Protein chains: 2
Amino acid sequence: MVLKNQVEWALHCCSMLAGLPQGKYLAAKDLAEFHGVPKEYLGKALQRLSAAGLVESTLGPAGGYRLAKPVAAITFLDIVEAVEGRRVTFACTEIRMNSPCRVGKRGTGKPCSIAQAMYDADEAWRSHLRSLTVESMLAGAQLPKEQVDATKRWVEQRLK
Amino acid sequence: MVLKNQVEWALHCCSMLAGLPQGKYLAAKDLAEFHGVPKEYLGKALQRLSAAGLVESTLGPAGGYRLAKPVAAITFLDIVEAVEGRRVTFACTEIRMNSPCRVGKRGTGKPCSIAQAMYDADEAWRSHLRSLTVESMLAGAQLPKEQVDATKRWVEQRLK
DNA sequence: GAATTAATACTCGGATATACACTGTCCGAGTTCATCGGG
DNA sequence: CCCGATGAACTCGGACAGTGTATATCCGAGTATTAATTC
C-alpha cells in the first residue's frame, strides 16, 4: 500500500510550475531533466494532471505546462487523486455474504462496521491532504537562497 | 494504492475470534470456510497476526487460533500493520538530490515540505486506525439476532 | 487396565505458479512555431 | 519585404516490455491429540 513514484514527481513538478513567471510554460522534458526522472513516464503523470484540470499545456516548440489555477486553489489531494486515482484505499469485498449463516441473500446496502471504519480512516487521510495547497507547499519549503536563485536562473534559460 | 484483501480477512477473523468462549481455539480451516476465502492464503494472514502477537495458535488436532490480548487492547492499526506491513504510504525518493541546482551533495537529513506533508497525512490515517479497537468493532456491528445465534451455533460445532 | 507406540490432524514455513499493477520505453499522429524560398 | 511552404520541436495517446507485488496453491517438517498395541 504505497503511492506511486509519480505522485512524488507530480507534487514536485507543481511546486516548480508555481514558481514560473505569469503565463509562461515549462516543457515536460525540462521538468524531467531537473528532477532526474524519465521524461516519457513523467509525461504520463503530467497528462493526468492535465486531464484533472490542474495544469494546462500547449503544443509546439514553445509548448509545455503551467498551472491552470491559482496556487491556493490546488490541494495536495487534487494532485494525489489525479495521479493515483480516486479509489478508496480499502476495498471491501463483502465477505459477509459468503457466510453460511447469513440471513438474506442480498446485502443491507450499508457497509459493515469494519468497512465503515476503514472508509473513515481513508477520509481522515484525504481530509488532511485536502487542507494543504500548493501555496502552503511553497511556504513550507525552506531552501537556501543560493539554491533558489540558481533554480530560477536554470528555469529562465528554458522558458518559452 | 489499495490495501490487500488479507487485511479485510484479518479484521473479520479477529471479529470472529473475539466471540469465542474463553480459552477456546478455532481452526484456520473453519475461519476460511466461514468467510469463503482460500484456506492456505488466509493462513498467511493469520501467521502474520501471530507473529505480531495479536493472536496465538496451538498445533495438533485441537489446534487453531484465538486472540492473544483482550479485545480492547487490539487496535485496527495493529491488525492492518501486522498484515500490510509498516511501510509509510508515501515513499520519498529524494528527487531533490537530482536537481542540477542543489547546493550540497548530501541531504539535510530533514524531509522536504512535500514529504513531510505526506507523512503527516499518513499519520492522520494511522491515528484514526489506532483509535479503534476490536471491542469497538463488535459494538458497531449491528447484525440481526437470528444471524448472530446461527453463527454462534456454527462455531460451537467446530470448537476444540 | 496402564503404559507405550503408532497414526492422525493440525500449524507453520518454504517453494512455486499466476495475474495484475507499476515502471519505463518506443513510436506515430497531430499541433504549433521557426525557418526558408518565391513573388 | 511579405506570404506561403517546409521543417523542427513539442504534446498527446497508444502499444509494448520488464519488474515487482498480490494472490493462490502445494508440499514437507514439526507438534499435539487420538487410536492402537503391548504388557
Side-chain angles (χ1 to χ4, degrees), chain A residues 1-10 13 17 24-33 35-66 68 80 82-87 89-91 93 95 158-160, chain B residues 1-10 13 17 23-33 35-53 55-66 68 80 82-85 87 89-91 93 95 98 158-160:
Chain A
M1 228 267 306
V2 180
L3 293 168
K4 347 183 178 187
N5 287 348
Q6 286 182 326
V7 172
E8 182 188 10
W9 303 353
C13 284
L17 293 179
K24 294 288 187 177
Y25 293 90
L26 188 59
K29 175 185 155 195
D30 296 323
L31 285 168
E33 183 186 342
H35 292 113
V37 299
K39 162 181 161 291
E40 331 234 356
Y41 192 36
L42 175 63
K44 304 286 181 210
L46 294 170
Q47 285 166 32
R48 284 171 169 273
L49 291 180
S50 178
L54 306 177
V55 146
E56 48 191 26
S57 62
T58 311
L59 300 180
Y65 289 93
R66 71 180 179 196
V80 171
V83 174
E84 186 71 30
R86 304 206 166 193
R87 270 183 311 173
T89 56
F90 180 77
T93 60
I95 60 176
R158 285 142 222 263
L159 280 183
K160 302 295 166 56
Chain B
M1 226 269 307
V2 180
L3 293 167
K4 348 183 178 185
N5 287 349
Q6 285 183 326
V7 172
E8 183 188 9
W9 304 353
C13 284
L17 293 179
K24 294 288 185 175
Y25 293 91
L26 188 60
K29 176 187 155 196
D30 296 324
L31 286 167
E33 183 187 341
H35 292 113
V37 300
K39 161 182 163 289
E40 329 235 356
Y41 191 36
L42 175 64
K44 300 291 179 206
L46 293 171
Q47 283 166 32
R48 283 171 172 273
L49 291 179
S50 177
V55 146
E56 49 191 24
S57 62
T58 312
L59 301 180
Y65 289 93
R66 70 179 179 196
V80 170
V83 174
E84 185 71 31
R87 270 183 311 174
T89 56
F90 180 78
T93 60
I95 61 176
N98 300 331
R158 284 142 223 264
L159 279 182
K160 303 295 166 57

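Residue numbers begin at 1 in each chain, while the letters A, B, ... track the order of the sequences. What you see below is based on every heavy atom in this structure, not just the backbone, and it leaves out hydrogens, waters and symmetry mates. Just so we're clear, the structure is a prediction, and the values are computed from it rather than from any experiment.
Across all strands, A/G43 comes closer than 4.0 Å to no nucleic acid atom at all (heavy-atom distances).
Residues A/V55 and A/L46 are not in side-chain contact: their nearest non-hydrogen atoms beyond the backbone lie 4.5 Å or more apart.
Partners of B/Q6 under the side-chain contact (heavy atoms from CB on, under 4.5 Å) rule, at least two apart in sequence or in another chain, are B/K4, B/W9, B/Y41, B/K44, B/A45, B/V83. Taking the side-chain contact (heavy atoms from CB on, under 4.5 Å) definition, one finds that B/A91 meets it with A/V2, sequence neighbours left out. When the salt bridge (Lys or Arg N to Asp or Glu O under 4.0 Å) test is applied to A/E84, no partner is found at least two apart in sequence or on another chain. In this structure, the side chain to side chain donor-acceptor pair (under 3.5 Å) partners of B/T89, at least two apart in sequence or on a different chain, are B/D122. Applying the side-chain contact (heavy atoms from CB on, under 4.5 Å) test to A/R66 and every residue at least two apart in sequence or in another chain returns A/Y25, A/E56.
The CD atom of A/E8 sits 15 Å away from the C1' atom of C/dC22 (whole-angstrom rounding). Nucleotide C/dG14 holds its P atom 12 Å from the CZ atom of B/R48, rounded to whole Å. Summarising the geometry, the separation between CG on A/L42 and P on D/dT11 is reported as 10 Å, rounded to the nearest angstrom. Remark: P of C/dA21 and NZ of A/K4 are 10 Å apart, rounded to the nearest angstrom. When rounded to the nearest whole Å, the span between CD of A/E33 and P of D/dA9 equals 16 Å. Distance, B/E84 CD to D/dA22 P: 6 Å, rounded to whole Å. Rounded to whole Å, atom P of C/dG13 lies 12 Å from atom CG of B/L46. Per the geometry, CG belonging to A/D30 stands 9 Å off P belonging to D/dT11, to the nearest Å.
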Enumerate all atom pairs, one protein N or O and one N or O from nucleotides 24-35 of chain D, separated by less than 3.5 Å.
{"residue": "D/dC26", "atom": "N4", "partner": "B/E40", "partner atom": "OE1", "Å": "3.3"}

